[in-house]
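Scroll down for the structure; my scribbles are underneath it.
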Amino acid sequence: MMITLTLNNGFSLSNLQPSDAIAYVEHLNHPRIHETTENIPYPYTQAHATQWIQRQTDIADQFGKPHLLAIRNSNTDLIGAVGISASDPQSYVAELGYWLAPQYWGQGIMTEAVEVFVQYAFTDLHLLRLWTRVFEFNPGSQRVLEKNRFQLEGIQRQHLYRNGKFWDDYLYGLLKSDLGE
């Protein structure tokens, strides 16, 4: 099923395509992306991108709807992604993840992409709860979540070791009912 969700200023969310592998490699090899995410390999290779896109295509085929959408600029180039992973789709709970190419940070794009994706997740994917973790040194991502009504539910102290230092991990959650639905 092809999905296209419109954002402001010509940005959009849509299905991943095999041709997105080039942009994945370009963007995910940026050190700032690696610093602010936990599970994206570094360096990020063409093989990583191809496997990831195929995995997302398989999930979309299995469930009839994509669980990850590309964030695209007005030229339809991939500049980021937002999606969920769920160990058991019948649990109605999933982990939210997202990234955005650094040259697009601070423009409100991710805040809007998360807002639109959350609506999609609760409405089309029938989820009841989303959760995610953010590193203490990433206040921009914390603001994205807070603007989207995610609540800080806990702090995992010294949960991440990066660049010779231990960092806290902030756990955020959002219930469908928090949005009045």
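Since we're looking at a predicted model, the values are computed, not measured.
Applying the side-chain contact (heavy atoms from CB on, under 4.5 Å) criterion to Thr76, with sequence neighbours excluded, gives Arg72.
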I'd like a table of donor-acceptor pairs (distance under 3.5 Å, sequence neighbours excluded) in which one partner is a side-chain atom from residues 55-66, with atom names and distances.
from  : atom 1 : to     : atom 2 : distance (Å)
Thr57 : OG1    : Ile53  : O      : 2.9
Asp58 : OD1    : Gln54  : NE2    : 2.7
Lys65 : NZ     : Asp124 : O      : 3.0

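Side-chain atoms of Asn75 do not come within 3.5 Å of backbone N or O of Asp77 as any donor-acceptor pair. Side chain of Asn73 to backbone of Gly10: no donor-acceptor contact under 3.5 angstrom is found. With Asp178 contributing its side chain and Leu175 its backbone, the two residues share a donor-acceptor pair below 3.5 Å. For the pair Trp105 (side chain) and Leu100 (backbone), a donor-acceptor distance under 3.5 Å is present. Side-chain N or O atoms of His27 include one that pairs as donor or acceptor with a backbone N or O of Leu78 at under 3.5 Å. Without hydrogens or angle criteria, Thr132 side chain to Leu96 main chain gives a donor-acceptor distance under 3.5 Å. A donor-acceptor pair is defined here as one N or O able to donate and one able to accept, closer than 3.5 Å; such a pair exists between the side chain of Asp168 and the backbone of Gln158. Put simply, the side chain of Arg162 gets close to the backbone of Glu35: a donor and an acceptor are under 3.5 Å apart.
Taking hydrophobic clusters as Ile, Leu, Val, Met, Phe, Trp and Tyr residues chained together by side-chain heavy-atom distances below 4.5 Å, Leu145 does not share a cluster with Phe137.
For Ile155, the CD1 atom sits in a packed shell: over 12 heavy atoms of surrounding residues, nucleotides or ligands are nearer than 6.0 Å.
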Kindly determine whether Leu13 and Tyr120 satisfy side chain to side chain contact (heavy atoms under 4.5 Å, CB included), including the steps that lead there.
CA-CA 11 Å; Leu13 301 177; Tyr120 169 76; over 6 Å; no
